[in-house]
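To start, the structure itself, in structure tokens.
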Amino acid sequence: MKPYFLLFFILFTTLTTTNLSLSSHHQSPAPEPGPKKPDNETIYRISKQLCWGCIGESLQFLFAQNMVRAAKWELPFTWDFDLEKYAKWWAGQRKSDCAVEHSFPEGEFKLGENIYWGSGSTWTPTDAVRAWAEEEKYYDYSTNGCAVGQQCGHYTQIVWRKTRRVGCARVVCDSGDVFMTCNYDPVGNYIGERPY
């Protein structure tokens, strides 16, 4: 728990320092409507610190999801190698058929899980996270539900306040298509609870 407080402090200090240095260059600064959201560079730097030893796709998955979380002022995810190992196992199971299936039977989730399929081999972790995050437009905070006929659970899992760790994997299937999966702990999307 302490690393999160340290990272939150670093993030807060960085944003405050950035705002102070920006306002010191203006003769008469205009009032700002609210706190400035963290920028890409700050979130990337924090994501890299929370993914020790990560390179390539792992860091792409983490950075993209931490950008989504930062927009809601949620603490960033840390990368979990056990969750990554599980995600790699499930992606390996899907390599032969690229079926869009969860690793747990419906209603028996032990971990949070987002899955993605893309036609062709060029889809990246950023593409998957973008698709999941775009579900925000279907989420209604006041009713804590999705628009009729739409999905928003991928998005709410990413921004779920109590979720702290993520591990993901990407595989090019035998068909040439891409399957990606991320697992989250603690699990989110509890009925009756808001994500943030």
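Throughout, residue positions are numbered sequentially from 1 according to the sequence presented.
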Side-chain cluster (under 4.5 Å, hydrophobic types only) that Tyr138 belongs to, other residues:
none

Can a side-chain donor-acceptor contact be found between Tyr44 and Asn66 if the only test is distance below 3.5 angstrom?
no

What I want to find out is whether Glu84 reaches Lys88 closely enough, with some N-O distance under 4.0 Å, to be called a salt bridge.
yes

Could you give the distance from SG (Cys182) to CG (Leu62), rounded to the nearest 0.5 Å?
9.5 Å

Closer than 4.0 angstrom, basic N to acidic O: yes or no for Asp127 and Arg130?
yes

The ring-ring contact (aromatic ring centres under 6.0 Å, His included) partners of Tyr190 (sequence neighbours excluded) come to none

Taken in chain and number order and not counting sequence neighbours, the residues that satisfy ring-ring contact (aromatic ring centres under 6.0 Å, His included) with Phe104 are Tyr86, Phe109

Which disulfide (SG to SG under 2.5 Å) pairs, counting each pair once, include a residue from residues 111-164, with sequence neighbours left out?
Cys146-Cys152

Is there a donor-acceptor contact under 3.5 Å linking the side chains of Asn189 and Thr156?
yes

With sequence neighbours excluded, residues passing side chain to side chain donor-acceptor pair (under 3.5 Å) with Glu57
Arg170

Salt bridge (Lys or Arg N to Asp or Glu O under 4.0 Å): pairs with one or both residues in residues 179-194, sequence neighbours excluded
Lys162-Glu193, Arg165-Asp185

Spacing of Gln60 atom CD and Thr124 atom OG1 [to the nearest 0.5 Å]:
6.0 Å

Applying side chain to side chain donor-acceptor pair (under 3.5 Å) between Asn114 and each of Tyr184, Trp132, Tyr155, report the one that passes.
Tyr184

Distance check, rounded to the nearest 0.5 Å: Asp177 atom CG versus Lys95 atom NZ?
11.5 Å

Give a yes or no on whether a salt bridge exists between Glu74 and Arg164, defined as a side-chain N under 4.0 angstrom from a carboxylate O.
no

